[in-house]
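Here's the structure we're looking at; comments come further down.
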Amino acid sequence: MEIAVVGGGLAGLVAAWRLAARHRVTLFERLARPGLAAHGVDIAHGGATLRVDMPLRVYFPGYYPTLARLYDELGVASEPVSYATTFSDEQGRTYFRWRNLRWRDRSWPFVLPQDLLGARARRIVRGALRFRAAALPALARGELAGRTLAEFVAAARIEPDFVDGLLLPAVATIGTCTLADAAAYPADVVAAYHAGGLARESVRRACGGADEVAARLLAPVQRVVCEAGVTALVRDAQGVTLHRRGAAAERFDHAVLACAAPQARELMADATAAEDGALAGFRCRPLTVLMHRDAALMPARRADWSPVHAHVRAGAERPESTIWINAVQPALRDAPALFQTVQPLREPRAGTLLAEARFERALVDAASERALAQLARLHAEPGRRLWWAGAWAHRGVPLLESAAASALAVAQAIEAAAPGRAA
Ligand SMILES: Cc1cc2nc3c(=O)[nH]c(=O)nc-3n(C[C@H](O)[C@H](O)[C@H](O)COP(=O)(O)OP(=O)(O)OC[C@H]3O[C@@H](n4cnc5c(N)ncnc54)[C@H](O)[C@@H]3O)c2cc1C
């Protein structure tokens, strides 16, 4: 079959890779490079040029079984990195810090006695233990279904210092959303992420970064069109016609929309009311990522620096998080300090900014949960030619795992619909 995949983020790349084994696949990307690797920045160091992913993305196999299997199959090497985190307040003072005890692929978060001198830090630890003790059994018993994170922590009387000082900022950092969005997250989605093994497994990054992952996934793909200018997709009984600016219309047997839900909606010239309704359930939050060299966005005391810095200001709608790139990318360990700040609340000092990129991230809430069920019903319709894949189109925190899992599920559904298979 001739198959179009629109969008070259991880979901589009994985769908294209899997389908290219048996079909002729064309991947259309809006940007100049496939989106997964489009925003990386070249950093000169030690006579070489090193590519730093923007955003830097990590995973841990316990919550990312699909991604871990995929990287194994592709031969993508990965390495453990420390994600120890320092939390600071609006004055830049550290109010909590956890470290990583790492051994091979294992990693255990721990808090040093000296980091527990403040009463707030002790209340955060008490809250963390209480949250774990309450949330994981409730998850196993199915008692979290239909409850938001805010509802669960209120009912379980979890320490407010932990909720406001660590839990919500952490969810808002992992999901790059506001603190209010984090409070509206389904409690079982957050608990399942936690249960995935973060407290015992090291997070990992692909050693060759997004470029290597994209190159391996694209190797079997017959055709890649960047800066594609796709304007619309129109269906008929035999397939899908894809329209692009300045190019002839092209026919495909199937098309996978592997872009964000609002963008997918814009491209669908003939969306049904049911499709419209489902896609409207997925909202996105725009965000900015900065690559820079301004140490002022790290904790005020150099001794408090960790690979991750969560800056949580009372009254701010979101946390600011800064990754200390030298601490997570071994080749840059001895290079001048390099930082990546996500959802910045402050501007890096003039002259220290190296790059800026904008992204959109899907939100997870009661509406997106309902929309996922509608999407599954639409995907099961007989004769379907148009499909959706993306981190938003699979249950869980929208991460590389859900992007890969949704793409493989769509590829499997298209295979099942292939001539000779349906019977
Ligand atoms: C700051 C930040 C940090 C993150 N950190 C992590 C992390 O550590 N670990 C983790 O697992 N995940 C992380 N994520 C999330 C992860 O990056 C995403 O969940 C995942 O990459 C989404 O992949 P996707 O293919 O679903 O969507 P996207 O990556 O958004 O891909 C969609 C693609 O579609 C393209 N597109 C859109 N419209 C069109 C069009 N009209 N025509 C053609 N192409 C189009 C876009 O350009 C893009 O390339 C992070 C995200 C952000 C923003």
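First listed ligand is number 1; within each ligand, the first listed atom is number 1.
- Residues satisfying the ring-ring contact (aromatic ring centres under 6.0 Å, His included) test with W17, not counting sequence neighbours, are none.
- A donor-acceptor pair is defined here as one N or O able to donate and one able to accept, closer than 3.5 Å; no such pair exists between the side chain of R18 and the backbone of V410.
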Protein N/O near ligand 1 N/O, under 3.5 Å, which pairs?
unit_1: ligand 1; atom_1: 8 (O); unit_2: V58; atom_2: N; d: 2.8
unit_1: ligand 1; atom_1: 9 (N); unit_2: V58; atom_2: O; d: 2.7
unit_1: ligand 1; atom_1: 11 (O); unit_2: Y64; atom_2: OH; d: 2.9
unit_1: ligand 1; atom_1: 11 (O); unit_2: L400; atom_2: N; d: 2.9
unit_1: ligand 1; atom_1: 17 (O); unit_2: R57; atom_2: NE; d: 2.7
unit_1: ligand 1; atom_1: 19 (O); unit_2: P398; atom_2: O; d: 3.3
unit_1: ligand 1; atom_1: 25 (O); unit_2: L10; atom_2: N; d: 3.1
unit_1: ligand 1; atom_1: 25 (O); unit_2: A11; atom_2: N; d: 2.9
unit_1: ligand 1; atom_1: 26 (O); unit_2: A391; atom_2: N; d: 2.7
unit_1: ligand 1; atom_1: 44 (N); unit_2: R30; atom_2: N; d: 3.0
unit_1: ligand 1; atom_1: 47 (O); unit_2: E29; atom_2: OE2; d: 2.6
unit_1: ligand 1; atom_1: 47 (O); unit_2: R30; atom_2: NH2; d: 3.3
unit_1: ligand 1; atom_1: 49 (O); unit_2: E29; atom_2: OE1; d: 2.7
unit_1: ligand 1; atom_1: 49 (O); unit_2: E29; atom_2: OE2; d: 3.3
unit_1: ligand 1; atom_1: 49 (O); unit_2: G35; atom_2: N; d: 3.4

List, one per line, each side-chain donor-acceptor pair under 3.5 Å for residues 23-30, sequence neighbours excluded.
unit_1: H23; atom_1: ND1; unit_2: M1; atom_2: N; d: 3.2
unit_1: H23; atom_1: NE2; unit_2: E415; atom_2: OE1; d: 3.3
unit_1: H23; atom_1: NE2; unit_2: E415; atom_2: OE2; d: 3.1
unit_1: R24; atom_1: NE; unit_2: E2; atom_2: OE2; d: 3.3
unit_1: T26; atom_1: OG1; unit_2: R223; atom_2: NH1; d: 3.3
unit_1: E29; atom_1: OE1; unit_2: G8; atom_2: N; d: 2.7
unit_1: E29; atom_1: OE1; unit_2: G35; atom_2: N; d: 3.1
unit_1: E29; atom_1: OE2; unit_2: L31; atom_2: N; d: 2.9

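- Taking the side chain to side chain contact (heavy atoms under 4.5 Å, CB included) definition, one finds that D53 meets it with A210, sequence neighbours left out.
- Considering V163, V312, V153 in turn, V163 is the only one that fulfils the side-chain contact (heavy atoms from CB on, under 4.5 Å) rule with L168.
- Separation of the Y193 and F60 ring centroids falls under the 6.0 Å cut-off.
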